*Asks:* 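Got a structure here, written out as structure tokens. Questions coming.
FYI, side chains are in, hydrogens and waters are out, and symmetry mates aren't considered; it's all heavy atoms of this structure. Counting convention: from 1, in listed order, for ligands and their atoms alike. As the structure is a prediction and not an experimental result, all values here were calculated from the model.
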Amino acid sequence: MPIYEYICKKCGNTFELIRFASDSDSDIECPKCGSEKVKRAVSLPAGSQKSCEGCSSSGSSCAT
Ligand SMILES: [Zn+2]
């Protein structure tokens, strides 16, 4: 199943959702503030998460 990362434009929160091809992005809400102003950031192939936990919060600054 595809996992997508979303970024809330209102509060900056990032979260991941499993979305099916038939699902629209229009009804996604930020789980933190409830805003619907979110954008899809990155698609994450299942099981390929990095082991470095510092990366996710600081963007692509990880040297790996
Ligand atoms: Zn938010």
Side-chain angles (χ1 to χ4, degrees):
M1 282 182 275
I3 301 174
Y4 296 107
E5 183 174 1
Y6 292 86
I7 299 175
C8 175
K9 295 180 181 177
K10 185 175 180 181
C11 73
N13 182 41
T14 60
F15 54 98
E16 293 170 6
L17 286 176
I18 296 172
R19 303 293 290 176
F20 297 98
S22 58
D23 289 336
S24 144
D25 285 346
S26 62
D27 59 348
I28 296 173
E29 292 183 356
C30 171
K32 187 175 181 181
C33 72
S35 170
E36 293 183 353
K37 295 187 182 302
V38 301
K39 70 173 183 178
R40 183 184 293 177
V42 191
S43 61
L44 301 174
S48 70
Q49 302 245 355
K50 293 189 219 170
S51 57
C52 173
E53 294 188 0
C55 304
S56 57
S57 60
S58 57
S60 58
S61 61
C62 183
T64 60

*Asks:* So which atom in Gly12 and which in Ile7 form the shortest heavy-atom distance, rounded to 0.1 Å?
*Replies:*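 Looking at all heavy atoms of both residues, the closest pair is O-CG2, 4.5 Å.
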*Asks:* Determine how many protein N/O/S atoms sit closer than 2.8 Å to the Zn ion (ligand 1), leaving waters out since they are not shown.
*Replies:*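 Protein heteroatoms (N, O, S) closer than 2.8 Å to the Zn ion (ligand 1) number 4.
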*Asks:* Less than 4.5 Å apart, any side-chain heavy atom of Ile28 and any of Tyr4?
*Replies:*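 No. Closest side-chain heavy atoms not under 4.5 Å.
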*Asks:* Which atom pair, heavy atoms only, marks the closest approach of Lys10 to Ser35?
*Replies:*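 Nearest pair, atom of Lys10 first, then Ser35: CD-CB, 3.6 Å.
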*Asks:* Considering all heavy atoms of both residues, which atom of Lys39 and which atom of Lys9 are nearest to each other, and what is their separation?
*Replies:*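 The answer is CB-CE, 3.9 Å.
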*Asks:* Considering all heavy atoms of both residues, which atom of Val38 and which atom of Cys8 are nearest to each other, and what is their separation?
*Replies:*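 The answer is CG1-CA, 3.9 Å.
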*Asks:* So Tyr6 and Leu17, do their side chains get closer than 4.5 Å, heavy atoms only?
*Replies:*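 Heavy-atom side-chain distance check passes, below 4.5 Å.
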